[in-house]
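In what follows, a structure is listed as structure tokens, so that the remarks can point back to it.
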Amino acid sequence: SGDLLRETSLFLSRPLHSPPPSFHFASTSGGAGGGAGSGNKFLVPGATVATMLMLGILHARRLYDDKKVEDRKEKGIEPEFSPDVKASFMKLLPLRSMSRFWGHLMEMQIPVFLRPTVYKAWARAFHSDLEEAALPLENYASLQEFFVRKLKEGSRPIDTDPNCLVSPVDGKILQIGEIRGPGALIDQVKGFSYSVSSLLGTNSNLHINDLEEEKSEEDLSGVVDVPGAKSWWCVSLASPKRQNPMSMRPKRGIFYCVIYLKPGDYHRVHSPVDWNILRRRHFSGRLFPQNERAVQTIRNLYIENERVVLEGEWKEGFIALAAIGATNIGSIRLFIEPEIQTNKPTAKLVPSERPDERMYEPGGTGVVVKKGEEVAAFYMG
Amino acid sequence: STVVLVFQAPVSEMRNGQAISNFEFSVRNGDKVKVGEAIGRWHKS
């Protein structure tokens, strides 16, 4: 749609004195030099044909690109990171202002008689299921209300297996994996990764826990297992061998899952497990688009964009959920903290690195949320 | 918009010098998921 808009605006912004392609078409068919009257007669149909032709070419190109992507997927070729000029150009655009303007447009009330038509058109364009909407279409006063609509009771059954973690959103899995090794990196796409500390914040509890565990393990292992520090008799007398209590504990790995929400998806965020939310961080960053093309071309997409990170503990240890905004869907609202405001107008050209942080009930249990419970929602603009 | 989930989950002890994961994702890259569907499970020993 970006290409389409660009091409259309280029076409429409041609100077009046510059003959459009339709003029040549009209002149040829109507006879060259036929005077202003005969030229004008074919001007509108000519422009229409040219526009239709342009749209046809763009559509064909899009189909060709989609086919190429599908072929690559079938062959098992992963998309690779490849920055381009368009991605660099994006950084110059006033994306936040555009996002806020888009949000204001979407909040405009739609006449009741038009609502079903508009929402059905939206659903057709973005593949939404209107059968799931909790209310009749006439009840949603604006596209914004329709966009964050609730679903009918029972539309999203929550897996009751206590040993499972459920999806917090409707969407497409972009990346899953385990975080290992120094740097603790998450793949954005093949060929480019970002660190988990950049995403969650440098003062995240995840690192504190890990460092403490590693230190405890080192301290305990140092008692009996320092190579060359003990002779054979010392080892034989040290019986029974001191057991490292850390080794008795089940070890835990750190995993990640990245889920992309298309504009037509249900945009409320639910809790993936029973957990205690201990703190919230709000990073007021940029608002780059989040589509698949952006993921492949914009460096540090997830750690530069505006996001809200909820961090806490569940029965297996640390857990954090980062909701990342985009140009069209830039606002994140928390049900556990309704007063938080995101996508605010900002005078700063370079977003601050320091996030706004809040601890929920310091020293206490934080906010207790159950598996499947609503915690946040994405809003347009 | 995007949601990133980072979490700790059980991993079993070392075998042949490698930590064998007890937790397993039940989805793959490119899969479509809905709220409430399991994305990973683990087995308690």
Side-chain angles (χ1 to χ4, degrees), chain A residues 73 78 156-159 161 163-179 186 196 199-200 206 209 247 250-261 266-270 272-273 290 302 305 314 316-326 329-330 332 372 378, chain B:
Chain A
K73 272 183 190 168
E78 278 185 60
R156 294 287 181 275
I158 308 297
D159 195 316
D161 180 358
N163 292 339
C164 88
L165 192 124
V166 300
S167 175
V169 287
D170 281 12
K172 182 178 175 184
I173 305 282
L174 290 189
Q175 292 287 342
I176 52 170
E178 186 172 359
I179 298 170
I186 297 176
V196 70
L199 176 77
L200 305 179
L206 178 64
N209 288 345
S247 65
K251 284 189 181 295
R252 289 172 296 182
I254 304 166
F255 299 85
Y256 67 89
C257 179
V258 185
I259 308 172
Y260 168 64
L261 292 80
Y266 169 63
H267 265 73
R268 286 175 181 254
V269 184
H270 294 244
V273 286
Q290 296 268 306
Y302 299 127
N305 266 28
W314 70 306
E316 300 296 345
F318 174 88
I319 185 165
L321 187 150
I324 307 168
I329 303 155
I332 301 145
F378 286 102
Chain B
S1 39
T2 306
V3 163
V4 182
L5 205 57
V6 179
F7 56 95
Q8 286 186 306
V11 173
S12 68
E13 73 277 8
M14 303 287 279
R15 278 186 217 157
N16 301 328
Q18 283 199 328
I20 307 299
S21 176
N22 206 352
F23 173 83
E24 280 185 359
F25 281 105
S26 50
V27 289
R28 292 186 305 171
N29 290 350
D31 283 357
K32 287 181 180 169
V33 286
K34 290 196 170 180
V35 169
E37 287 178 359
I39 55 172
R41 294 180 195 277
W42 64 96
H43 310 284
K44 287 279 184 190
S45 55

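So that the names make sense, note that chain A is the first sequence line, chain B the second, and so on, each numbered from 1. Computed from a prediction, not measured in an experiment: that's the story for all the values here.
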Exercise. Checking A:Leu174 against chain B: side chain, backbone, both or neither under 4.5 Å from a heavy atom?
Worked result: backbone
Exercise. Top residue by heavy-atom pair count (under 4.5 Å) with chain B, among A:Ile259, A:Ile179, A:Ile332, A:Val273?
Worked result: A:Ile259
Exercise. What option among A:Ile186, A:Leu261, A:Asp161 has the most heavy-atom pairs under 4.5 Å with chain B?
Worked result: A:Leu261
For this session: May I ask you to decide if B:Ile39's main-chain N or O and B:Ser26's side chain share a donor-acceptor pair within less than 3.5 Å?
Result: yes
Exercise. In terms of heavy-atom proximity below 4.5 Å to chain B, should A:Phe378 be classed as side chain, backbone, both, or neither?
Worked result: side chain
Problem set entry | Top contributor to chain B interface from A:Gly330, A:Pro157, A:Gly171 [non-hydrogen pairs under 4.5 Å] | A:Gly171
Exercise. A:Asp170 side chain to B:Val35 main-chain N or O, any donor-acceptor pair under 3.5 Å?
Worked result: yes
Exercise. Once you round to the nearest 0.5 Å, how far does CG of A:Asn305 lie from OG of B:Ser1?
Worked result: 10.5 Å
Problem set entry | Residue, of B:Gly40, B:Ala38, B:Ala9, that accumulates the most heavy atom pairs under 4.5 Å with chain A | B:Ala9
Exercise. When heavy-atom pairs shorter than 4.5 Å are enumerated against chain B, which of A:Cys164, A:Ala326, A:Ala323 gives the highest number?
Worked result: A:Cys164
Problem set entry | B:Glu37 and A:Asp159, any side-chain heavy atoms less than 4.5 Å apart | no
Problem set entry | Under 3.5 Å donor-acceptor, A:Arg156 side chain and B:Lys34 backbone | no
For this session: Quick one: which of A:Val258, A:Leu321, A:Val169 has the most heavy-atom pairs under 4.5 Å with chain B, could you say?
Result: A:Val169
Seminar exercise, completed: Checked A:Leu199, A:Ile324, A:Ile329 vs chain B; the most non-hydrogen pairs under 4.5 Å come from A:Ile324
Seminar exercise, completed: Those residues at least two apart in sequence (or on a different chain) that pass side-chain contact (heavy atoms from CB on, under 4.5 Å) with B:Lys32 are A:Lys262
For this session: Examine distances only and state if a side-chain atom of A:Glu316 and a backbone atom of B:Gln8 form a donor-acceptor pair shorter than 3.5 Å.
Result: no
